[in-house]
Amino acid sequence: MMNKEVEPILVGEVEDIEVGTVEDFEHDDINFAIFRLDTGFFCTQGNCNCEERAPLSESEIDGEELECVSCGETYSIVSGDCISQPELDGLKTYDISDEDNNIFLNL
């Protein structure tokens, strides 16, 4: 069920993002990383938690994991958890859906 109080934000069309890739998306001065995996679409915060705040759109993707190009930490794209060092803060994740060939971010 979509939240009626907040309109979903149109990110783009499904074919805009290839499987196994990540795209930058900005809304209200907040950066997001939109991932398309074999299992569907996922969204995390746009920058790593590391000191360099590296854009996650430049991360290496391996299955459902990403590796920050700057700090080298690996995170679950699905849960946001830090895999390489579980004691570190994970990434924020956001609800994303695809409907009628469009991708929507639900904040």
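Along the sequence shown, residues are numbered consecutively beginning with 1.
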Review point. Does any pair with a residue in residues 87-96 pass side-chain hydrogen bond (donor to acceptor under 3.5 Å, both in side chains), and if so which ones, sequence neighbours excluded?
Key: D95-N106

Review point. So which heavy atom on E18 is nearest to which on R36, and how close?
Key: O-CB, 3.6 Å

Point to revise | I83-I77 co-clustered via ILVMFWY side chain contacts under 4.5 Å | key: no

Point to revise | Distance in Å, L37 CG paired with T39 OG1, rounded so as to fall on 0.5 Å steps | key: 4.5 Å

**Study point:** Minimum-distance pair of heavy atoms, taken over all atoms of G90 and Y75
**Key:** CA-CE2, 4.3 Å

**Study point:** For C50 against A54, the heavy-atom pair lying closest together
**Key:** SG-N, 4.0 Å

Throw together a table of side-chain donor-acceptor distances under 3.5 angstrom for residues 10-17, partners on residues two or more places apart or in other chains.
{"from": "E15", "atom 1": "OE1", "to": "N101", "atom 2": "ND2", "distance (Å)": "3.0"}
{"from": "D16", "atom 1": "OD2", "to": "E13", "atom 2": "N", "distance (Å)": "2.9"}

Practice item. Kindly compute the distance separating CZ (F35) from OG1 (T21), expressed to the nearest 0.5 Å. Key: 9.5 Å

**Study point:** Closest approach of L66 to S59 (non-hydrogen atoms, all atoms of both residues)
**Key:** CB-OG, 3.8 Å

Check your understanding: Should I34 and I61 be regarded as members of a common hydrophobic cluster, given that ILVMFWY residues are connected when their side-chain heavy atoms come within less than 4.5 Å of each other, either directly or indirectly?
Key -> no

Exercise for review: Ignoring hydrogens and angles, tell me if any N or O in the side chain of S76 forms a donor-acceptor pair with the backbone of D81 under 3.5 Å.
Suggested key: no

**Study point:** Heavy-atom closest pair, residues A33 and V22
**Key:** CB-CG2, 3.9 Å

Revision key, fill the gap. When rounded to the nearest 0.5 Å, the distance separating CD of Q85 from OG1 of T74 is 9.0 Å

Practice item. With the side chain counted from C-beta on, respond yes when L56 and L91 share a heavy-atom pair under 4.5 Å apart, and no when they do not. Key: yes

Practice item. Return each pair, listed once, that meets side-chain hydrogen bond (donor to acceptor under 3.5 Å, both in side chains) where at least one residue sits in residues 48-57; pairs must be two or more places apart or across chains. Key: D24-S57, Q45-N49, E52-S70

**Study point:** Cluster link I9 to I103, ILVMFWY, side chain under 4.5 Å
**Key:** yes

Practice item. Taking all non-hydrogen atoms of both residues into account, name the closest pair between F104 and E99 and its distance. Key: CE1-O, 3.9 Å

Practice item. Calculate, to the nearest 0.5 Å, the distance between atoms SG and CD belonging to C43 and E23 respectively. Key: 12.5 Å

Review point. Cluster question for you: counting only ILVMFWY and a side-chain heavy-atom cut-off of under 4.5 Å, with indirect links fine, are I96 and V78 together?
Key: no

